[in-house]
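As structure tokens, the structure follows; a few thoughts come after it.
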Amino acid sequence: NFRCRSAFKLLEIDDKFRLLQPGHAVVDCGAAPGAWSQVAVQRVNSAGTDPSAPRGTVVGVDLLHISSLDGAHFLPHHDVTDPSTHSKLQQLLPYGRAHVILSDMAPNASGFKELDCEKLISMCLTLIDLAERVLLPGGSLLCKYWDGPFSHSLQQKLSCKFGSVRTVKPNASRKDSSERYFLARMYRKPIK
Ligand code: SAM
């Protein structure tokens, strides 16, 4: 059983798009209470449950405390938007590299819908910096956003860095919410 219902959104997205493969290294941003990390641990085999498959890595980060989980490393009390968190995440990844960045982050609601949307988009934009630091060429980024006037600019920025970007609305996500996910695949690493 999962720590939170949000697990079903990731299961649904991963069943359709096959992002998480055994042996993959995954960063889970906004990981508390840990349901997405539970899904990722199963799919990348980071707890070594299947001895015949390669063993992956799951690293989760959140502002909040996260109870420990077999197969995952957590960085609690860390802000994903802070560049110093990026170097700590990198140290926890094999060779400092990830195949997939997941983000189900959400800011605390201010009560002003447009402001919240904008805040979440600006948080998502920092994931592009994290990608530049850790994401392998060809890698994927899945991030939650709230649909609004700012989502298009995020989509455009992702499109500059990834070969394909699409919007996903899982059935497990409430129909009446503006919650969506961008699934950006085929990361093109900038050459420096
Ligand atoms: N995917 C999680 C799961 O399945 O258990 C649920 C994530 S919950 C919807 C959103 C999380 O984002 C919250 O735990 C919140 O603390 C975290 N969050 C918000 N802003 C953050 C930030 N700047 N850095 C890290 N985590 C953040």
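When a ligand or atom number is given, it counts from 1 through the structure's own listing order. No hydrogens, no waters, no symmetry mates; every other heavy atom, side chains included, goes into these values.
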**Message:** Any heavy-atom pair between the side chains of Thr49 and Val41 that's under 4.5 Å?
**Reply:** no
**Prompt:** Identify the closest protein heavy atom to atom 6 (C) of ligand 1: which residue and atom is it, and at what distance?
**Reply:** Ala32 O, 3.1 Å
**Contact partition for Ala31 relative to ligand 1, non-hydrogen atoms under 4.0 Å** = backbone
**Request:** Please indicate whether any nitrogen or oxygen in Ala7 is less than 3.5 Å from any nitrogen or oxygen in ligand 1.
**Result:** no
**Complete:** Atoms of ligand 1 under 4.0 Å from any heavy atom of Leu64, numbered from 1 in the order shown, are 14 (O), 16 (O)
**Asked** For ligand 1, which atoms have a heavy atom of Ala35 less than 4.0 angstrom away?
**Response** 3 (C), 4 (O), 5 (O)
**Request:** Check whether any side-chain heavy atom of Phe182 sits under 4.5 Å from a side-chain heavy atom of Thr167, and report yes or no.
**Result:** yes
**Message:** Using the rule given for side-chain contact (heavy atoms from CB on, under 4.5 Å), can you reason through Tyr145 versus Phe150, listing the C-alpha separation, both sets of side-chain angles and the distance that settles it, and then say yes or no?
**Reply:** CA-CA 10 Å; Tyr145 68 99; Phe150 310 99; over 6 Å; no
**Asked** Does the pair Arg174/Glu179 count as a salt bridge with the N-to-O cut at 4.0 Å?
**Response** no
**Request:** Pick one of side chain, backbone, both or neither for how Met123 approaches ligand 1, counting any non-hydrogen atom pair under 4.0 Å.
**Result:** side chain
**Request:** Applying side-chain contact (heavy atoms from CB on, under 4.5 Å), run through Met105 and Leu127 and close with a yes or a no.
**Result:** CA-CA 11 Å; Met105 279 194 292; Leu127 297 173; 4.0 Å; yes
**Message:** Which residue and atom name correspond to the protein heavy atom nearest atom 18 (N) of ligand 1, and how close is it?
**Reply:** Ala106 O, 4.0 Å
**Asked** With respect to atom 17 (C) of ligand 1, which of Leu10, Leu75, Asp62 exhibits the smallest heavy-atom separation?
**Response** Asp62
**Request:** Taking atom types as modelled, find out whether Thr85 and Asp79 have a side-chain donor-acceptor pair closer than 3.5 angstrom.
**Result:** no
**Prompt:** Cys29 versus Leu130: any side-chain heavy-atom pair under 4.5 Å?
**Reply:** yes
**Request:** Would you indicate which of Leu63, Val80, Asp104 comes nearest to atom 9 (C) of ligand 1 when only heavy atoms are counted?
**Result:** Asp104
**Request:** Can you pull out the closest protein heavy atom to atom 7 (C) of ligand 1? Residue, atom name and distance to 0.1 Å, please.
**Result:** Gly30 O, 3.1 Å
**Message:** One pair to check against side-chain contact (heavy atoms from CB on, under 4.5 Å): Asp14 and Val39. What are the steps and the verdict?
**Reply:** CA-CA 9 Å; Asp14 192 51; Val39 172; 5.5 Å; no
**Asked** For ligand 1, is Lys144 a contact, meaning one of its heavy atoms is under 4.0 Å away?
**Response** yes
**Item:** Part of Ser6 with heavy atoms under 4.0 Å of ligand 1, whether side chain, backbone, both or neither
**Value:** side chain
**Prompt:** Does Met105 come within less than 4.0 Å of ligand 1, judged by its heavy atoms?
**Reply:** yes
**Message:** Within the 4.0 Å heavy-atom shell around Asp79, which atoms of ligand 1 are there?
**Reply:** 22 (C), 23 (N), 24 (N)
**Message:** Are Phe162 and Met186 packed together at the side-chain level, in the sense that at least one heavy-atom pair is separated by less than 4.5 angstrom?
**Reply:** no
**Prompt:** Mind checking whether Pro107 has an N or O less than 3.5 Å away from an N or O of ligand 1?
**Reply:** no
**Asked** Taking His24 for the side chain and Arg43 for the main chain, is one N or O donor matched with an acceptor at less than 3.5 Å?
**Response** no
**Prompt:** For ligand 1, which atoms sit closer than 4.0 Å to a heavy atom of His78?
**Reply:** 24 (N), 25 (C)
